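Notes for the one structure printed next.
Residue numbers start at 1 and run along the sequence shown. The model shown is predicted, which means the values in this text are computed figures rather than measured ones.
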Amino acid sequence: MATFKELGLCDEILQGIEELGFKEPMPIQEKVTPYLLGEGKEDLVALAQTGTGKTAGFGLPLLQLIDNNTNSIQALILSPTRELCIQISNDLKNYAKYLPKMKVVPVYGGENIVTQFKQLDIPPQILVATPGRLIDLIERKKVNLSGIKYLVLDEADEMLNMGFQDDIERILEETPEGRRTLLFSATMPKEIANIAKKYMKSSVEIAIGKKNSGTENVEHVYYMVQAKDRYSALKRIVDINPNIYAIIFCRTRQETKEVADKLMQDGYNADALHGDLSQVQRDTVMQRFRIKNLQILVATDVAARGLDVNNLTHVINYNLPDDIENYTHRSGRTGRAGRKGVSISIIHSREKSKIKNIEKVLHRTFVQERVPSGLEVCQSQLFSLISKIENAGEDINHELIAPYLPVIMDRLKNLSREELIVNFVSQEFNRFLNYYKDAADLNIPEKKEKREGKRERKGGGNFTRLKINVGERDGFTPKRVLGLINDTTNNKNIGIHDIEITQRYTFFDVKSDLVRSMMNAFEKRKEEGVQLLEVFKDRRSRRSNEDFGQSKKKKGSSKNYEYRKESKRRNEYKGESQKEFKRNKDNFRRKR
C-alpha cells in the first residue's frame, strides 16, 4: 500500500494530516488523489460507501491544486445537508492547517445569512454549500461561480433523494464549461448517470467495491418476529449489546417519536431526530450523540442524512426502507473508517422477500438470527457488569474516595467475599432479572413461518409488484396513477391493487400474466422519463398499513402538495390562515 507522501501530496498537507493521525491512505484516497494530481484533466465519477474516506479523497488533492494566493472561489463543494456541509468544511480546515492563506467557508440554511455575507466579503478559495442557500446567495449577487475550476458533488445520490436535482442543474448552469467536475456517490441510480452524461465530459469512473454494494466492514443480520413484538425485540437486541452505540431508523416522524419516547420511558439513554425539531434542538441532540451522552439515536432517513459518526457499533432498521438505496445509506452509517459494524433489520415473515431483494442488489448475504431469550440477555448484561468492575482500576480516583473507605470497610466487615459479591451484583442487576424472568420467546416458530408463507401465496394469487419512477414530489395521487396506467395501456379494466406512493416512487400489484403487456406499453413513456420496473412476484396483494404506509395519509399529503405547488406558482397562498388554506384548497380540488 502506498503512503500519503507517495501519492504526491506536498509537505504542508502531509504535516497537517500527520497531526490528525492519518497513517496510510484508504482505498478511495489511494486511487483518487494521484489521479487528480496527475496530468489528466477528465471529470471524475467516484463510487464508494459513506465512511470510506471520500472527503480526504477529494479534499487533499484540491488543497494542493488550488492557488491560495488568489482570493477568488476556485472550488465549489455541494453537500446535501447542513451537518455534512459543516463537517466537510472543518475537515478541509484541519487538512490545511499549514496552508495559512487557504480560506474555506461553509454556507447553509438555518444560519444567519448576514453572518455568511460577512464571511464572503473576502471570497474564499473553497466554498462548501448546500444547494438551497447557495442559490439564494447567487440570486443576491453575493456569490459568483464564473471562475471556479473544480466542482465537487458530494453524496450526489443523497442530494437527488432529497429532491435537489433542479437546484443542482440550476447551479451547474452558473459554472464555467471549462471546470473540472468531481462526482462522489455511494450508489449509482439512473439520475446520477443522467447528470454525468449531461454535464460531464469524458469522465473517468473509479469504484471501490461493486456498484451500489454495501461496505465490506458491515455484517447484515435480521430477526423475524410478529409485528406486535417489534418493540420488544428491539429492546432485547439493545439489551444483549450493553455497549451499543447505534442509530435506529424508522419510516415516519410519528414512529420515530413513539419509539424514542418508549425507550426513554424504559430507562434507555435515547433521543429522537426528526423533521419537527427546530435547528437548535437538532444541533443539541446531535452534539449529545456525538459526544456519547446519548447511546441511541432514533431517526428518520431524511433527518439522518449527512450524519457522520465514525464509531457507531450498530444500525437498526426498525422498519425496512421502501428503497434499497436507502438501506445502503443506512447500513453505511456503521463500519466506517475501517471499523467493523452491524446492520440489523427487524422484520416479519411477509418481508422476507424484501431481504432477498436487498441481498441481490448489495451482493451481501444476510444472516437470520434468533431474538435472544431473557436468560441470554441477563447473562450478557451480567458479564458486562463484571467486566466493567474488573477493569475499573484506571478510572478510580483514589484521592477522592480515600476519606470514605474506613467507614465503608467497617460497615462491610461482617460480610464474606462471596456475600459481598452476591449483594453487589443483585443490587445492580435486579432490574434485568425481574424484567426477563418470565420473558416469552419472540421468534416465529419455523412451522408457523412456513405456514404463513404458504397462506400468503394462496391468498394473494399470482401477483407481481411493479414500480414507477414517479411519486409524491411529482404530484401523483392514486387517482393520477390509475389514469396514467389506463392511458398508457388503453385498458381501463386492469385490476390494480395496493397502490403505495412514496416521495420518489409509486408501487402497485397487478396479475403476473399482465406484466409483460404493461412493460411493453410503458416502453413509449421512457422518453418522457417515466419508467416501469418489476419488483418481485407472488406476493400477497393485500398488505398491512404497517408495511407500506397508510394510503389515506398519502392521498391527503399529495392533494396538499398539488395545491401548494399550484398556488405557490401563482403566489396565492402567502399569508393564508389555516382556515383560508383549507377553503382555498377545497376550491382548487373542485376545479380540478
Side-chain angles (χ1 to χ4, degrees), residues 1-66 75-79 84-85 87-99 102 104 126 128 149-158 180-188 203-211 213-218 306 308-311 329 332-341:
M1 178 177 286
T3 64
F4 280 106
K5 188 171 185 179
E6 291 171 339
L7 298 182
L9 295 170
C10 65
D11 292 338
E12 292 83 358
I13 294 176
L14 290 173
Q15 189 176 356
I17 62 178
E18 185 177 347
E19 285 191 10
L20 293 172
F22 284 35
K23 301 297 183 186
E24 52 189 28
M26 298 180 74
I28 188 69
Q29 298 156 10
E30 190 174 2
K31 289 189 176 183
V32 170
T33 302
Y35 174 75
L36 293 180
L37 294 178
E39 295 181 359
K41 299 300 178 185
E42 295 90 351
D43 292 342
L44 173 67
V45 176
L47 302 175
Q49 288 301 300
T50 54
T52 54
K54 284 186 290 184
T55 302
F58 63 75
L60 297 177
L62 277 184
L63 290 171
Q64 185 156 318
L65 290 166
I66 285 171
L76 169 65
I77 301 171
L78 283 181
S79 155
L84 187 57
C85 179
Q87 176 208 319
I88 292 171
S89 175
N90 289 338
D91 286 347
L92 293 179
K93 290 175 183 177
N94 289 332
Y95 304 154
K97 181 178 180 181
Y98 294 98
L99 298 170
M102 186 68 69
V104 181
I126 300 178
V128 189
K149 298 177 181 178
Y150 304 96
L151 170 64
V152 180
L153 303 179
D154 190 28
E155 301 285 4
D157 50 353
E158 290 274 20
R180 195 173 184 185
T181 304
L182 316 175
L183 191 154
F184 285 74
S185 184
T187 60
M188 189 68 170
S203 61
V204 172
E205 183 177 305
I206 293 177
I208 304 300
K210 297 179 180 178
K211 284 186 183 180
S213 65
T215 174
E216 298 280 357
N217 294 332
V218 177
D308 187 45
V309 182
N310 281 334
N311 49 354
H329 283 287
R333 301 296 170 198
T334 186
R336 300 166 77 90
R339 297 179 177 88
K340 297 290 184 181

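Note on ring orientation: taking the six-membered ring where Trp is involved, the planes of Phe4 and Phe22 are tilted (angle from 30° to 60°).
Considering every non-hydrogen atom in both Leu63 and Tyr95, the closest pair reads CD1-CB, 3.5 Å. When all heavy atoms of Leu47 and Glu205 are compared, the pair lying nearest together is CD1-OE2, 3.9 Å. Residue Val32 comes nearest to Gly57 through the heavy atom pair CG1-O, 3.4 Å, listed as atom of the first residue, atom of the second, then distance. Among all heavy-atom pairs drawn from Gly335 and Val218, the shortest one is CA-CG2, 4.0 Å. Here the closest non-hydrogen pair linking Pro61 and Leu9 is N-CD2, 4.4 Å. Scanning both residues, Thr334 and Lys340, for their nearest heavy atoms gives OG1-O, 4.4 Å.
Taken to the nearest 0.5 Å, the CD1 atom of Ile17 stands 11.5 Å off from the NZ atom of Lys23. Between atom CZ of residue Phe184 and atom CG of residue Leu153 there is a gap of 10.0 Å, rounded to the nearest 0.5 Å.
Contact annotation: the side chain of Pro25 never approaches that of Thr33 to less than 4.5 Å [non-hydrogen atoms, C-beta and beyond]. Looking only at side-chain heavy atoms (C-beta outward), Ile88 and Asp91 stay at 4.5 Å or farther from each other. Thr55 has its side chain within reach of Gln87: a pair of non-hydrogen atoms, C-beta onward, lies under 4.5 Å apart. Using a 4.5 Å cut-off on side-chain heavy atoms (C-beta onward), Phe58 and Leu44 make no contact. Side-chain contact between Leu182 and Leu36 is present, with at least one heavy-atom pair separated by less than 4.5 Å. The shortest side-chain heavy-atom distance between Arg180 and Asp43 falls under the 4.5 Å cut-off.
No donor-acceptor pair under 3.5 Å is formed between the side chain of Gln64 and the backbone N or O of Leu37.
The side-chain hydrogen bond (donor to acceptor under 3.5 Å, both in side chains) check on Ser89 picks up nothing, with sequence neighbours excluded. In terms of the side-chain hydrogen bond (donor to acceptor under 3.5 Å, both in side chains) criterion, residue partners of Glu19 (sequence neighbours excluded) are, by chain and number, Lys97, Tyr98.
Screening Ile126, Leu99, Leu62 for a side-chain contact (heavy atoms from CB on, under 4.5 Å) with Leu92, the sole residue that qualifies is Ile126.
Annotation for Glu18: atom CD does not count as buried by contact number, only 12 or fewer foreign heavy atoms lying within 6.0 Å. Few gaps surround NZ on Lys93; more than 12 heavy atoms of other groups in view lie less than 6.0 Å from it.
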